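Below you will find the structure I want to go over with you.
Both counts, for ligands and for their atoms, begin at 1 and track the order of listing. All of these numbers come straight from a predicted model, not from anything done at the bench.
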Amino acid sequence: MRWLEALTHLGTVAERVPLAPRTTIGVGGYARWLFRPASQAALAKALPLVPPEIPVRVLGRGSNLLVADGEIAALVVDMGGLHGIQVQGTTLIAEAGARMGRVASIAAAHGLGGLEFMATIPGTIGGGAVMNAGAFGHEFFDRLQELVWITRTGARVRRDAREIPHGYRHAAIPADAIVVEARFALSRDDAQAIRARMRAMRDKRQRTQPLERPNCGSVFKNPPGDFAARLIEAAGLKGLRIGGAMISERHANFIVNLGHATAADVRALIARAQEEVKRRFGVQLEPEVRIWEEAS
Ligand SMILES: Cc1cc2nc3c(=O)[nH]c(=O)nc-3n(C[C@H](O)[C@H](O)[C@H](O)COP(=O)(O)OP(=O)(O)OC[C@H]3O[C@@H](n4cnc5c(N)ncnc54)[C@H](O)[C@@H]3O)c2cc1C
C-alpha cells in the first residue's frame, strides 16, 4: 500500500497494534494501523494521503475510551508525539498530545492560574477539547481562546473559542477534525496558591474515585438536575460484576477492570445500568465514554 509507505516518512506506522495498554481501562482489541505523526505539519501532509474509504480515528490518552475487543479497522492517529507547551506572558499554547496534568503544572510554575482543575484529569489537550472536559466547577472552554485543527483534506483551521458551540461534555468540533493545538488566556497568581488548589483537588479525587483500579472515568453523563452515580447506586447496582468488570463500590459512575475484563463485559454493564435506571426512574443515561466499535 503506497499511502502507508508514504506515511512512514511523516511519522511512525505500525500494524495490528494492541490498544488496551493505550487506554486507562485496559480493555479492547487492536488497531489495524497506528500512525504517530512526527509534527503537526507531517499530520497535515499525511491525512490527504489516506484513501477516503479508510476510517481515521484519533487517540489521546485513551482515558475516555472503550475500544471493542476485535480489530478496529481504521488508521488510528496517536497524538502522543505532539506534546509541546509554550508560555508567552499570560498565554499558554499546548499541542494536542500534551497531558492536561502537565499543562496545569507548567501553568502553575509560571504563576498562571485558571487550569488547576486539569491536574485531576488524566487526558490530553485534544481529548479535553473534544469532550469539553471539566471538574470542580471549571471546564476546558472557560480559559480557551483559540483551537487549531487539521481536517481530512490537510487544511489547518484556526477558530476563536467563542465561535465553537460547546456545553456540558460537548464541543461542536467537526467529526473529521484532528485538534492539534489550544491557546489559553490565564491569570497571574501566586504559584504556591495555585499548587495548593491543585493538591486539594487531587486529594479530593483520591478519596472519592476508585483510582487504584483501571477505569475510564465517568461512564455516563449526569442527566439534567441529577447525578448518574446517585441513580445507579439507588438502582442497587454498586458492586455488580459481569465477567472481569465491576460497577465500582466506591463511585457508582465508574466501571473498573478487575484485571481480566473485556470490552464486552464493560458494554454489558453499561447496558445493564441503562436498563435498570430507565426501568426504575424513567431516566435514559447517556454514555460519556466514547465507544469504538469493531467495524471502524
Ligand atoms: C480516573 C479518571 C478521572 C477522570 N476525570 C475526569 C473529569 O474530572 N472530568 C472530565 O471531563 N473527564 C474526566 N475523565 C475522562 C477523560 O480523562 C477526559 O474525557 C479527557 O478529556 C479525555 O482525553 P483523552 O486524551 O484521554 O481522550 P481519549 O480518551 O483518547 O479520546 C476521547 C475522545 O476524544 C477524541 N480525541 C482525542 N484526542 C483528539 C484530538 N486531538 N482531536 C480530535 N479528537 C480527539 C477521541 O477520538 C475520542 O473520541 C477522567 C478519566 C479517568 C480515567
closest protein heavy atom to atom 24 (P) of ligand 1 is Arg61 N, 3.5 Å
Taking atom CZ of Arg16 as the centre, does the number of heavy atoms from other residues, nucleotides or ligands within less than 6.0 Å exceed 12? no
So if I count the atoms of ligand 1 from 1 in the order they appear, which ones are less than 4.0 Å from some heavy atom of Thr24?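 Reading through ligand 1 atom by atom, the close ones are 53 (C).
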With heavy atoms of Ala177 as the reference, note each atom of ligand 1 found under 4.0 Å away. 43 (C)
Would you check if Glu71 and Glu294 make a side-chain contact, meaning some heavy-atom pair closer than 4.5 Å? no
Answer yes or no: does an N/O atom from Ile178 fall short of 3.5 Å to an N/O atom of ligand 1?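 No; the residue has no nitrogen or oxygen that sits under 3.5 Å from a nitrogen or oxygen of the ligand.
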Please report the shortest heavy-atom distance between Phe117 and Glu139, naming the atom on each side. CZ-C, 3.6 Å
Name the option, out of Thr124, Ile173, Leu147, that contains the heavy atom nearest to atom 25 (O) of ligand 1. Thr124
State, yes or no, whether a side-chain contact exists between Glu181 and Gln86 at a heavy-atom distance under 4.5 Å.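 A side-chain contact is absent here, since even the closest heavy-atom pair is not under 4.5 Å.
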To which protein heavy atom is atom 44 (N) of ligand 1 closest, and what is the distance rounded to 0.1 Å?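 Checking every protein heavy atom, the shortest distance to atom 44 (N) of ligand 1 gives Val130 CG2, 3.3 Å.
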Applying a 4.0 Å heavy-atom criterion (strictly less than), which segment of Asn64 is in contact with ligand 1: side chain, backbone, both, or neither? both
Nearest heavy atom to atom 50 (C) of ligand 1: which of Ala129, Ala96, Pro122, Ala175 does it belong to? Pro122
Taking Val179 as the starting point, is it possible to reach Met131 by hopping between hydrophobic residues whose side chains are less than 4.5 Å apart?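 The answer is no; the residues belong to distinct hydrophobic clusters.
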Atom 28 (P) of ligand 1: closest protein heavy atom, distance to 0.1 Å, is Gly62 N, 3.6 Å
Show which atoms of ligand 1 fall inside a sub-4.0 Å distance from at least one heavy-atom site of Gly217.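 What qualifies from ligand 1 is 2 (C), 50 (C), 51 (C), 52 (C), 53 (C).
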For Met131, the atoms of ligand 1 under 4.0 Å from one of its heavy atoms are 19 (O)
Following the transitive rule for hydrophobic clusters with a side-chain heavy-atom cut-off under 4.5 Å over Ile, Leu, Val, Met, Phe, Trp and Tyr, establish whether Ile150 and Leu10 coincide in one cluster. yes
For Met100, the atoms of ligand 1 under 4.0 Å from one of its heavy atoms are 20 (C), 21 (O)
Within ligand 1, which atoms have a heavy atom of Leu211 less than 4.0 Å away?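 By the 4.0 Å cutoff, the relevant atoms are 1 (C).
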For Ser218, is at least one N or O under 3.5 Å away from an N or O on ligand 1? no
Ranked by distance from atom 12 (N) of ligand 1, the top protein heavy atom is Ile121 CG2, 3.9 Å
Before giving the answer on side-chain contact (heavy atoms from CB on, under 4.5 Å), spell out for Leu59 and Arg57 the whole-Å C-alpha distance, their side-chain angles and the decisive distance to 0.1 Å. CA-CA 7 Å; Leu59 179 67; Arg57 295 202 163 255; over 6 Å; no
Between Tyr168 and Pro224, is there a donor-acceptor pair closer than 3.5 Å when you use the side chain of the first and the backbone of the second? no
Residue selection (non-hydrogen contact nearest atom 41 (N) of ligand 1) among Val179, Leu59, Val76, Asp176: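 Of the listed residues, Val179 has the closest heavy atom.
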Quick check: does any side chain N or O of Asn132 sit under 3.5 Å from a backbone N or O of Phe141, one acting as donor and the other as acceptor? yes
Indicate every side-chain donor-acceptor pair of residues 258-266 with a distance under 3.5 Å to a residue at least two apart or in another chain.
{"from": "Thr262", "atom 1": "OG1", "to": "Ala264", "atom 2": "N", "distance (Å)": "3.4"}
{"from": "Thr262", "atom 1": "OG1", "to": "Asp265", "atom 2": "N", "distance (Å)": "3.1"}
{"from": "Thr262", "atom 1": "OG1", "to": "Asp265", "atom 2": "OD1", "distance (Å)": "3.2"}
{"from": "Thr262", "atom 1": "OG1", "to": "Asp265", "atom 2": "OD2", "distance (Å)": "3.2"}
{"from": "Asp265", "atom 1": "OD2", "to": "Gly244", "atom 2": "N", "distance (Å)": "3.0"}
{"from": "Asp265", "atom 1": "OD2", "to": "Thr262", "atom 2": "N", "distance (Å)": "3.0"}

Does Thr120, backbone or side chain, put an N or O under 3.5 Å from an N or O of ligand 1? no
Salt-bridge contact Glu286-Arg169 (side-chain N to carboxylate O under 4.0 Å):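 No, Glu286 and Arg169 are not salt-bridged.
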ILVMFWY network linking Leu240 to Phe254, side-chain heavy atoms under 4.5 angstrom: no
Atom indices of ligand 1, in the order listed, that fall short of 4.0 Å to a heavy atom of Ala135: 8 (O)
Which one of Ala182, Ala171, Gly127 has a non-hydrogen atom at the shortest distance from atom 37 (C) of ligand 1? Gly127
Atom CZ of Phe227: over 12 foreign heavy atoms under 6.0 Å: no
Between Asp176 and Thr151 (side chain of the first, backbone of the second, donor and acceptor by atom type, cut-off under 3.5 Å), is there such a pair? no
Atom indices of ligand 1, in the order listed, that fall short of 4.0 Å to a heavy atom of Leu65: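 In order of numbering, the contacting atoms are 29 (O).
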Out of Gly101, Ser63, Gly128, Cys216, who is nearest to atom 21 (O) of ligand 1 when you count heavy atoms only?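 Looking at heavy atoms only, Gly128 sits closest to atom 21 (O) of ligand 1.
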Ligand 1 versus Val58: contacting region, heavy-atom distance under 4.0 Å: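 Contact part for Val58 vs ligand 1: both backbone and side chain.
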Is there a heavy atom of Arg169 sitting under 4.0 angstrom from any atom of ligand 1? yes
Protein contact of atom 48 (C) of ligand 1 - nearest heavy atom, named by residue and atom, plus distance: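 The protein heavy atom lying closest is Arg290 CG, 4.0 Å.
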Say whether Glu139 and ligand 1 are in contact under the criterion: heavy-atom distance to a ligand atom below 4.0 Å. no
Of the backbone atoms (N, CA, C, O) and the side-chain heavy atoms from C-beta on, which set of Arg57 has a member under 4.0 Å from an atom of ligand 1: side chain, backbone, both, or neither? neither
Nearest protein heavy atom with distance in Å, relative to atom 8 (O) of ligand 1: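 It is Arg205 NH2, 2.8 Å.
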What I want to know is whether Gly134 and ligand 1 share at least one N or O pair that is separated by under 3.5 angstrom. yes
Please walk me through it: do Arg250 and Val256 pass side-chain contact (heavy atoms from CB on, under 4.5 Å)? CA-CA 10 Å; Arg250 188 178 307 176; Val256 295; over 6 Å; no
For Arg280 and Glu276: C-alpha separation, side-chain torsions, deciding distance, then whether salt bridge (charged side-chain N to carboxylate O under 4.0 Å, His left out) applies. CA-CA 6 Å; Arg280 293 203 190 199; Glu276 224 24 52; 3.4 Å; yes
